[in-house]
Amino acid sequence: VQLQASGGGLVQPGGSLTLACAASGSSLDSYDVAWFRQAPGKERDFVGVIDWNGVITDYTDSVKGRFTISRNNAKNTVYLQMNSLKPEDTAVYYCAAKRWRITTMMGEYEYWGQGTLVTVSS
């Protein structure tokens, strides 16, 4: 499966942005999909994950209550809705997919999108 992340851009603190992760080459409906992010000069970190049928989600503590992951399997797309954005949310955001067991562990994801840059600044 090939993943394409999109929707990044420049947004002011307190603003909102929605990222999309579109799949091609295979149906996404059997894959768990996660979002990771990598800030400048830092390691890539887990942001959130949604299971294959959209029932289970999990988020890192710093985005709980602000970010929401959803999916539309008919459109082969997973979304990351980001609200109340802060400068520390500035990063390149990546989506990744795997099958069989939902996890927050980056190394277990087989398929990765190319990343989309989110900049939160006034």
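In this text, all values refer to a predicted model and were calculated from it rather than measured experimentally.
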Please examine the side chains of Val33 and Tyr109, heavy atoms only from C-beta on, and report whether any two atoms are closer than 4.5 Å. no

Sub-3.5 Å donor-acceptor pair from the side chain of Gln4 to the main-chain atoms of Cys21, do we have one? no

Please test Thr116 against Leu19 for side-chain contact (heavy atoms from CB on, under 4.5 Å), starting from the C-alpha separation and ending with a verdict. CA-CA 8 Å; Thr116 185; Leu19 306 183; 4.0 Å; yes

pair Val47-Tyr93: side-chain heavy atoms closer than 4.5 Å: yes

I want to check a possible cation-pi pair here: Arg71 against Tyr79, using under 6.0 Å from ring centre and within 45° of the ring axis as the test. no

Is the shortest side-chain N to carboxylate O distance from Arg101 to Asp32 below 4.0 Å? no

Where is the tightest heavy-atom contact between Leu3 and Gln114, given as atom of each residue plus distance? O-OE1, 3.9 Å

Ser84 and Ser16 have their tightest heavy-atom pair at N-OG, 4.4 Å

So, taking the atom named OG1 in Thr60 and the one named CG in Asp45, what distance separates them when rounded to the nearest 0.5 Å? 7.5 Å

If you round to the nearest 0.5 Å, how far is NZ of Lys98 from CE of Met106? 14.5 Å

Tell me whether Ser121 contacts the main-chain N or O of Thr119 through its side chain, where contact means a donor paired with an acceptor under 3.5 Å. no

Decide, yes or no, whether a salt bridge links Arg66 with Asp89 under the criterion of side-chain N to carboxylate O below 4.0 Å. yes

Do Val49 and Thr57 have side chains that approach each other closer than 4.5 Å (heavy atoms only, starting at C-beta)? no

Output for pair (Gln12 CD, Ser122 OG), nearest 0.5 Å, gives 7.0 Å

Look at the rings of Tyr31 and Tyr111 and say which category their plane angle falls in: under 30° parallel, 30 to 60° tilted, over 60° perpendicular. perpendicular

How far apart are the C-alpha atoms of Val78 and Ile50, what are their side-chain angles, what is the distance that settles it, and do they pass the side-chain contact (heavy atoms from CB on, under 4.5 Å) test? CA-CA 9 Å; Val78 171; Ile50 188 166; 4.1 Å; yes

Does Leu80 form a side-chain contact (heavy atoms from CB on, under 4.5 Å) with Phe67? I'd like the steps, not just the answer. CA-CA 7 Å; Leu80 177 64; Phe67 289 12; 4.2 Å; yes

side-chain hydrogen bond (donor to acceptor under 3.5 Å, both in side chains) between Thr18 and Gln81, worked out: CA-CA 4 Å; Thr18 300; Gln81 172 69 44; 2.4 Å; yes

Min side-chain heavy-atom separation Lys86-Val120 under 4.5 Å: no

Please tell me if the side chains of Asn83 and Leu85 come closer than 4.5 Å, counting only heavy atoms from C-beta onward. no

Determine whether a donor-acceptor pair (N or O, by modelled atom type, separation under 3.5 Å) exists between the side chain of Asp58 and the backbone of Gly48. no

Please check if the distance between the ring centroids of Phe46 and Trp35 is under 6.0 Å. no

Out of curiosity, Glu110 CD to Trp100 CH2, how far, rounded to the nearest 0.5 Å? 10.0 Å

Between Ala96 and Phe36, what is the shortest heavy-atom contact and its length? CB-CE1, 4.2 Å

Let me check something: do Val118 and Tyr59 share a hydrophobic cluster, defined by ILVMFWY side-chain heavy atoms less than 4.5 Å apart, either directly or through other members? yes

Closest non-hydrogen atom pair, Ala23 against Val1: CB-CG2, 3.8 Å

Shared hydrophobic cluster for Trp52 and Ile102 (ILVMFWY, side-chain gaps under 4.5 Å): no

Between Asn73 (side chain) and Asn76 (backbone), is there a donor-acceptor pair under 3.5 Å? no

NZ/NE/NH1/NH2 to OD/OE distance under 4.0 Å, Lys64 and Asp61: yes

Looking only at heavy atoms, the pair that brings Ala97 and Leu28 closest together is CB-CD1, 4.4 Å

Give, for atom CZ of Arg37 and atom CD of Glu43, the distance between the pair rounded to the nearest 0.5 Å. 14.0 Å

